[in-house]
Number of protein chains: 2
Amino acid sequence: MFKSGNQCPCVDPCPISSALRLIGGKWKIRIICSLNTDGTTRYNELKRKINDISNTMLATTLKELEEDGLIVRTQFMEIPPHVEYSITDACAELIPIIDSLGAWVYHLNENKKKD
Amino acid sequence: MFKSGNQCPCVDPCPISSALRLIGGKWKIRIICSLNTDGTTRYNELKRKINDISNTMLATTLKELEEDGLIVRTQFMEIPPHVEYSITDACAELIPIIDSLGAWVYHLNENKKKD
DNA sequence: CTGCATCCTCCGGGATACTG
DNA sequence: CAGTATCCCGGAGGATGCAG
């Protein structure tokens with residue numbers, strides 16, 4: 001198993017690179033953070049909150065996140081259509097990790113200002 | 001300041017997206033992990049350890065990592081040239097974070113197998 | 001040994017229009 | 001409302017050769 005505390009094996013598949021593929025790309029973090037902050041959200045609501053994202057990218061990114069098990073899609077059989085998205089428990093466990101990533105970058109930039 | 005524990009502000013510049021830009025791309029994690037595991041390493045040694053990387057990508061990626069303050073380049077004024085690379089303290093602080101990312105992906109995949 | 005210059009390919013991502 | 005279909009472009013990344 002993968003023991004936390006180990007160094008990256010630097011072999012394929014590198015688990016860290018796998019993680020970066022899951023949350024990489026231009027929009028995934030934005031979507032995850034939005035769903036985490038505001039909870040369950042509908043498609044068009046999400047589109048309004050995440051500025052400048054196109055339908056193409058929102059739809060394909062949501063599909064990828066769902067396939068990777070990071071978000072859940074709930075479809076209500078109504079006319080007009082009604083679909084809701086929310087993060088999974090696995091994705092919730094990711095939040096503190098990416099949060100510490102943000103803190104790390106903050107400190108990195110603070111130290112650069114001193115130069 | 002950026003307080004750990006906060007949600008991602010989902011505004012530009014998102015600190016998490018900034019972090020992903022610093023360590024994203026095809027080779028950065030590989031290089032960081034290699035330098036972290038093996039310590040100070042010369043250019044060609046690095047090229048041998050990181051399989052399939054071209055000179056173009058190794059050189060440009062190393063330069064980016066150096067500009068971002070993640071690695072240090074030490075040049076010895078010799079003929080033939082002798083250059084050594086190692087991670088900075090700031091980069092060392094990143095290791096446990098990306099390590100927990102790896103652990104997170106591992107558990108994500110384990111849970112998928114049960115389906 | 002440690003790179004840089006050049007050229008090329010592929011695909012992430014955007015614009016626009018259309019649909020059940 | 002919640003997406004698909006289609007076309008397109010720029011930039012990340014690869015191959016090869018040259019240089020100090």
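All values below were derived from every heavy atom in this structure, side-chain atoms included, with hydrogens, water molecules and symmetry-related copies excluded. Proteins come first, then strands; the chains are lettered A, B, ... in the order of their sequence lines, and each starts at number 1.
Between the C1' atom of C:dT2 and the CD atom of B:Gln75 lies a distance of 9 Å, rounded to the nearest Å. Following rounding to the nearest Å, B:Leu20 (CG) and D:dA12 (P) show an atom-to-atom distance of 16 Å. Between B:Leu58 atom CG and D:dG13 atom P there is a gap of 14 Å when expressed in whole angstrom units. For B:Asp52 and D:dG14, the CG to P distance is 9 Å, given to the nearest whole Å. Taking atom CE of A:Met77 as the reference point, atom P of C:dG20 lies 16 Å away to the nearest angstrom. Atom CD1 of B:Ile53 is separated from atom C1' of D:dA15 by 14 Å (rounded to the nearest Å). Atom P of nucleotide D:dG3 and atom CD of A:Glu84 are separated by 12 Å, given to the nearest angstrom. Atom NZ in B:Lys47 sits roughly 11 Å away from atom C1' in C:dT2 (whole-Å rounding).
A single hydrophobic cluster is seen to contain both A:Val83 and A:Ile31, as judged by linkage of ILVMFWY side chains at heavy-atom distances under 4.5 Å, directly or through other members. A chain of hydrophobic side-chain contacts below 4.5 Å, direct or via other Ile, Leu, Val, Met, Phe, Trp or Tyr residues, connects A:Leu35 to A:Ile50. Under a hydrophobic-cluster definition in which Ile, Leu, Val, Met, Phe, Trp and Tyr are linked whenever side-chain heavy atoms come within less than 4.5 Å, directly or via other members, B:Ile95 and B:Trp104 are assigned to the same cluster.
Rounding to the nearest 0.5 angstrom, the gap separating the CZ atom in A:Arg48 from the CZ atom in A:Arg42 is 9.0 Å.
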Measure all distances between protein nitrogen or oxygen atoms and nitrogen or oxygen atoms of nucleotides 17-20 of chain D, and list the pairs falling under 3.5 Å.
none

Would you list the protein and nucleotides 9-13 of chain C atom pairs, both N or O, that sit under 3.5 Å from each other?
{"unit_1": "C:dG13", "atom_1": "OP1", "unit_2": "A:Lys26", "atom_2": "N", "d": "3.0"}

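Here the closest non-hydrogen pair linking B:Leu20 and A:Ile23 is CD1-O, 3.7 Å.
Contact of the B:Thr41 side chain with the B:Tyr85 side chain is not registered, since no non-hydrogen atoms from C-beta on lie closer than 4.5 Å. Proximity of A:Ser17 to A:Arg21: side-chain heavy atoms (C-beta onward) are separated by under 4.5 Å at one or more points.
Contacts between residues 59-74 of chain A and DNA chain D, counted as heavy-atom distances below 4.0 Å, involve A:Ala59, A:Lys63, A:Arg73.
Residue A:Tyr85 is classed as a sugar-phosphate contact, given heavy-atom separations below 4.0 Å to backbone atoms only.
In terms of the salt bridge (Lys or Arg N to Asp or Glu O under 4.0 Å) criterion, B:Glu93 has no residue partners (sequence neighbours excluded). Applying the side-chain contact (heavy atoms from CB on, under 4.5 Å) rule to B:Asn111 yields the partners B:Lys114; only residues at least two apart in sequence or on another chain are considered.
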Give every donor-acceptor pair under 3.5 Å between a side-chain atom in residues 59-71 of chain A and any protein atom, sequence neighbours left out.
{"unit_1": "A:Thr60", "atom_1": "OG1", "unit_2": "A:Thr56", "atom_2": "O", "d": "3.1"}
{"unit_1": "A:Thr60", "atom_1": "OG1", "unit_2": "A:Met57", "atom_2": "O", "d": "3.3"}
{"unit_1": "A:Thr61", "atom_1": "OG1", "unit_2": "A:Met57", "atom_2": "O", "d": "2.6"}
{"unit_1": "A:Glu64", "atom_1": "OE1", "unit_2": "A:Lys28", "atom_2": "NZ", "d": "3.1"}

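Side-chain nitrogen and oxygen atoms of A:Arg42 include none within less than 4.0 Å of the OP1 or OP2 phosphate oxygen of D:dC1.
At distances below 3.5 Å, not a single donor-acceptor pair connects side-chain atoms of A:Ser86 with backbone N or O atoms of A:Glu84.
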